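The next block holds one structure in the form of structure tokens; read it before the comments.
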Amino acid sequence: MQALTLFGYAFLSNVALAVLPHEPAVIWYGARLGVWPTMLVATAGTVAAALVDHRVFVPLIRRFRDASAPSQAATWADRFFRRFPFATIALSGLTPLPFFPFKALAFTTGYPLQRYLAAVAARSAPRYALLAWFGLAVRLPTWLIAALFVLLLIPSLRMLSWLRPSAS
């Protein structure tokens with residue numbers, strides 16, 4: 001049951017523009033399920049979320065792009081991504097940067113689904129293994145993991161429209 005809960009949480013915390021942080025959950029489950037099961041289940045949930053995102057957003061982007069004028073100048077990030085797409089996605093897991101810019105680049109460049117899913121798995125598995133190992137090795141108290149969850153949730157709350165000041 002814990003593995004199913006972790007899978008669902010990994011899916012929800014990685015689908016579209018999710019605001020839920022996955023790090024505290026992976027740390028918590030790492031101490032309860034072990035490193036390898038936690039890494040495998042969390043990676044599977046993340047890959048499932050990536051599949052849904054790719055299936056939903058790529059057709060929307062193509063439809064929008066067909067209706068708009070083609071861009072003349074590509075950004076440096078777009079050029080770099082087009083040159084090393086798999087490595088860019090896979091190595092993004094080693095950075096503290098949010099994943100959605102890399103996800104957007106994959107979708108706007110038309111990166112193929114199978115390669116995207118493999119890159120997301122290659123990005124997520126080492127990150128989740130490290131977080132699960134940390135949870136197993138350090139054994140943080142539940143209140144500290146909850147505090148970490150709240151702390152990591154704060155930047156995401158800015159995205160919610162009801163917290164933004166209205167333009168008057």
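None of the values given here were measured: they were computed from a predicted structure.
Side-chain N or O atoms of His54 include one that pairs as donor or acceptor with a backbone N or O of Tyr111 at under 3.5 Å. With Asp53 contributing its side chain and Val15 its backbone, the two residues share no donor-acceptor pair below 3.5 Å. A distance-only check finds a donor-acceptor pair linking the side chain of Thr38 to the backbone of Tyr29 [under 3.5 Å]. A distance-only check finds no donor-acceptor pair linking the side chain of Lys103 to the backbone of Ala50 [under 3.5 Å].
In the hydrophobic cluster analysis, where Ile, Leu, Val, Met, Phe, Trp and Tyr join through side-chain heavy atoms closer than 4.5 angstrom, Val120 is grouped apart from Leu94. Using a 4.5 Å cut-off between side-chain heavy atoms of Ile, Leu, Val, Met, Phe, Trp and Tyr, with links allowed through other members, Leu131 and Leu91 fall into different hydrophobic clusters. Under a hydrophobic clustering in which Ile, Leu, Val, Met, Phe, Trp and Tyr are joined whenever their side-chain heavy atoms come within less than 4.5 Å, directly or via other members, Trp143 and Val26 fall into the same cluster. Both Phe11 and Leu113 belong to a common hydrophobic cluster when Ile, Leu, Val, Met, Phe, Trp and Tyr are linked at side-chain heavy-atom distances under 4.5 angstrom. Cluster membership for Val52 and Leu60, using ILVMFWY side-chain heavy atoms within less than 4.5 angstrom, is shared.
Of the listed residues (Tyr9, Trp28, Tyr128), just one forms a ring pair (Phe, Tyr, Trp, His ring centres under 6.0 Å) with His22, and that residue is Tyr128.
If you take CD1 on Ile89 and CZ on Phe102, they are separated by 9.5 Å, rounding to the nearest 0.5 Å. One finds the CG atom of Leu6 at 12.0 Å from the CZ atom of Arg32 (value rounded to the nearest 0.5 Å). Note: Arg82 CZ to Leu105 CG = 9.0 Å, rounded to the nearest 0.5 Å.
Smallest separation of non-hydrogen atoms from Ala122 and Ala90: CB-CB, 4.1 Å. In terms of heavy-atom proximity, Ala49 sits nearest to Asn14 at CB-C, 3.8 Å. The shortest non-hydrogen separation linking Ala132 to Gly34 is CB-O, 4.4 Å. Residue Phe107 comes nearest to Ile61 through the heavy atom pair CB-CD1, 3.4 Å, listed as atom of the first residue, atom of the second, then distance. Closest heavy-atom contact between Pro126 and Ala121: CD-O, 4.3 Å.
In the model, Arg123 has a side-chain atom that pairs as donor or acceptor with a side-chain atom of Ser92 under 3.5 Å.
Remark: Phe84 engages Phe80 in a ring-ring contact (aromatic ring centres under 6.0 Å, His included) (not counting sequence neighbours). Applying the side-chain contact (heavy atoms from CB on, under 4.5 Å) criterion to Phe7, with sequence neighbours excluded, gives Val41, Ala44, Ala48.
At a threshold of 4.5 Å between non-hydrogen side-chain atoms, the residues Tyr116 and Leu51 do not count as touching.
By the 6.0 Å contact criterion, CZ on Arg115 is open, its count of non-hydrogen atoms from other residues, nucleotides or ligands being 12 or less.
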